[in-house]
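A short worksheet on the structure shown next.
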Number of protein chains: 2
Amino acid sequence: MVAALAGVSRATVSRVVNDSPSVDPQRARAVRDAIAELNYVPNRAARSLASRRTQAVTLVLPESTSKVFTDPFFASVIEGIAGYLAETEYTLTMILSSESTPDKTRRYLLGGNVDGALVVSHHSGDDSWARVSGSLPVVFAGRPLVGEAGSHYVEVENESGAATATDLLLSRGRRNIATIAGPQDMSAGIDRLAGWRRALARAGLDSSRVEFGDFSPASGAAAMRRLLARGAPIDGLFVASAQMAAGAYSVLESHSLRIPGDVAVVGFDDDEFAAALTPALTTVHHPVTRLGARMAETLVALIEGRPVERVTRLGTSLILRGSA
Amino acid sequence: MVAALAGVSRATVSRVVNDSPSVDPQRARAVRDAIAELNYVPNRAARSLASRRTQAVTLVLPESTSKVFTDPFFASVIEGIAGYLAETEYTLTMILSSESTPDKTRRYLLGGNVDGALVVSHHSGDDSWARVSGSLPVVFAGRPLVGEAGSHYVEVENESGAATATDLLLSRGRRNIATIAGPQDMSAGIDRLAGWRRALARAGLDSSRVEFGDFSPASGAAAMRRLLARGAPIDGLFVASAQMAAGAYSVLESHSLRIPGDVAVVGFDDDEFAAALTPALTTVHHPVTRLGARMAETLVALIEGRPVERVTRLGTSLILRGSA
DNA sequence: TTGTACGCGTTATCAG
DNA sequence: CTGATAACGCGTACAA
């Protein structure tokens, strides 16, 4: 260790760098000066080899690049994660697992690159992280559909949020209520659909008006078109994401159906899409940034061996705007 | 090394893992079997400690999380980078340097975490990477405004693209041509403004109608408002980004000015914003994904000591749509 | 409080 | 073609 040339032994330098208690102040100063002069930065590889920890966590994004950078959800989650991590000594690293082979991702995770992993938007078929969760702390966004039952995760109350949204449509007097549901290989998609079903069942109404999308605007438009093509009357609509609502809007408009006059619409997600629509979308708000922060918090606790809740559930609220 | 328990010496295992030439096929098989059985993954820290290389490069994003995930530019660049890197043995890591302290970024870069860095959207004041470029291969997107003169970078022909765009407005008979320029602490902002100036100078026209934005839609709207508030007539407008054009559109609309009737508009960037506007934006197209791929290619060559062009310049083309 | 000595898992060198 | 063995740069008992 070069800095040892400035006075003391390498062990002492190590103590100073990791500001261990009880080091002679004067020597400490000398070491610090040397460090500054030599522009020295401890080698992380050596450190992690010796200490068995990397001080880095990674966010695994199992989606295409374009989806990740297009869906406002990711921006908010990451903001939450990065915000929490900024307070800690951990560095955040992201890996788009669609770009590399699943195997590359696995090698990365297991290769001692990180102390833990955060997984968002995982689909049930996707298990690049599956054999990982045994040997590395992992926290999921949303209830994992496969894998060990003991997984740690943070989720929002998708089902009750969706039920509340549907109840609003009912309270507006709507009786022919359709839904554009999310992907059924993700818990968010499944649970929101279940909430809609539950509300309709409770009201004794038909719940057959269902079409699916993948949360994107284009898929929302396509689903809306299929819904209308069925010919059955629709006066209320619950959409499982604000982005899909944007797509649905354009189709309703092209069919000369007024919102909320002809069709009252309630969405899920309170992002820029929701606010930008005309009329502004009445929607279920959920704290995405806090979701991210909470995931990071859970992961760090897990890594450091502190006790943590295995599952955290975040509440939702209904934002009343112009569409229902 | 555990796998050694399955027959041979650690050296041989190492050779197999890095499929070095000339290893006895039979022993190689035995080693591979052992690896599979033990679910063994080489420890990256140890490897990089011994080999002085990490097989990872990082993308430094010196912008806020929301900007990064909102501006389509980043998605495309990253797609290009990830696409190229997927063909190589390198892993891509990203760090949002706004979230951590500049010092944290520096330590990360210098701490032996990566073999090289890619920097996009750097501003002239931002020098977290400055003292880095001496000891680590770095490739910039756009001409760096400060720092060593020897920097490697990839850029698009901003100035000539802007001049061509402005020439189009002139050819449409417009004579009162304004511009909404980008930030003047980034080469893209500076060069696009220079191109607009050059075209007007060549035509002997006034080039005082300038307002600035930060490439975002909101800043474009604000700049448009300031431009109109000046009271001087405007019949042509060059906007340095499609996002700002979106903002300008809304302001023009609210002032009952028709595009292109009253004001012909040409933008820069051919992203989803450009295509989604009504009328669709006539704009300067530049190959963002290729920019990313080229950056990655340059960096890898740099790391591996192969000869590379210090600067790569990518051409632009004009996409004629409805706005001019 | 400080220094010594060893270990971390892998690659590289050099005999064999 | 293969096996010892020495680095790699740092943390950490343990001894001084």
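Quick note: numbers below take in every heavy atom, side chains included, and nothing from hydrogens, waters or symmetry partners. A, B, ... follow the sequence lines: proteins, then strands. Residue 1 opens every chain. Model, not experiment: these values are computed from the prediction.
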Q.
For B:Glu309, is the CD atom crowded, meaning more than 12 foreign heavy atoms sit under 6.0 Å from it?
A. no

CZ (B:Phe73) and CD1 (B:Ile78) are apart, to the nearest 0.5 Å, by 9.5 Å

Does B:Arg310 CZ have over 12 foreign heavy atoms under 6.0 Å away? yes

- Does B:Asn18 make a side-chain N or O approach to OP1 or OP2 of C:dT11 shorter than 4.0 Å? yes

Rounded to whole Å, CG of A:Leu38 lies from C1' of D:dG9 at a distance of 15 Å

Among the nucleotides D:dC1, C:dG9, D:dC10, whichever has the atom closest to the side chain of B:Asp24 is D:dC1

A:Ile35 CD1 to D:dC10 C1', in whole Å, measures 13 Å

Taking C:dT10, C:dT2, D:dG3 as options, the one with an atom nearest any side-chain atom of B:Val8 is D:dG3

In whole angstroms, the gap separating C1' of D:dG9 from CZ of B:Arg107 amounts to 17 Å

- Item | No-hydrogen, no-angle side-chain donor-acceptor test under 3.5 Å, B:Ser216 and B:Asp214 | yes

* Does OP1 or OP2 of D:dG11 have a side-chain N or O of A:Arg47 closer than 4.0 Å? -> yes

In whole angstroms, the gap separating P of D:dC1 from CG of B:Asp19 amounts to 15 Å

Side-chain contact check for A:Ala11: nearest option of C:dT4, D:dC10, C:dT10 is C:dT4

Atom CG of B:Asn43 and atom P of C:dG7 are separated, to the nearest Å, by 18 Å

Rounded to whole Å, the CZ-C1' distance (A:Arg10 to D:dT12) equals 12 Å

Assign each of A:Arg44 and B:Val23 the nucleotide of DNA chain D bearing its closest heavy atom; nearer the 5' end lies the nucleotide of B:Val23

- [ ] Ignoring backbone atoms, test whether B:Ser51 places a side-chain nitrogen or oxygen under 4.0 Å from the OP1 or OP2 oxygen of C:dT11.
- [x] no

When rounded to whole Å, the CZ to P distance for the pair A:Arg53 and D:dG11 reads 12 Å

| task | Please state whether the phosphate of D:dG9, meaning OP1 or OP2, lies under 4.0 angstrom from any side-chain nitrogen or oxygen of B:Arg52. | result | yes

### Query
Under 4.0 angstrom, heavy atoms only, what part of the nucleic acid is B:Val17 near: base, sugar-phosphate, or nothing?
nothing

>> C:dG3, OP1 or OP2 - any side-chain N/O from A:Arg27 closer than 4.0 Å?
In response: yes

Can you find a side chain N or O atom of B:Thr12 that sits less than 4.0 Å from OP1 or OP2 on D:dT2? no

Walking DNA chain D from its 5' end, the first of A:Ala50 and B:Ala50 to be reached, judged by nearest nucleotide, is B:Ala50

In whole angstroms, the gap separating C1' of C:dG9 from CG of A:Leu49 amounts to 6 Å

Smallest heavy-atom separation, A:Asp115 atom then A:Gln55 atom, equals OD2-N, 2.7 Å

(Q) Is it the case that the base of D:dG3 and the side chain of B:Arg15 share a donor-acceptor contact (distance under 3.5 Å, atom types as modelled)? (A) yes

Exercise. Taking it one step at a time, do A:Asn158 and A:Arg143 satisfy side-chain hydrogen bond (donor to acceptor under 3.5 Å, both in side chains)?
Worked result: CA-CA 11 Å; A:Asn158 288 304; A:Arg143 176 168 42 83; over 6 Å; no

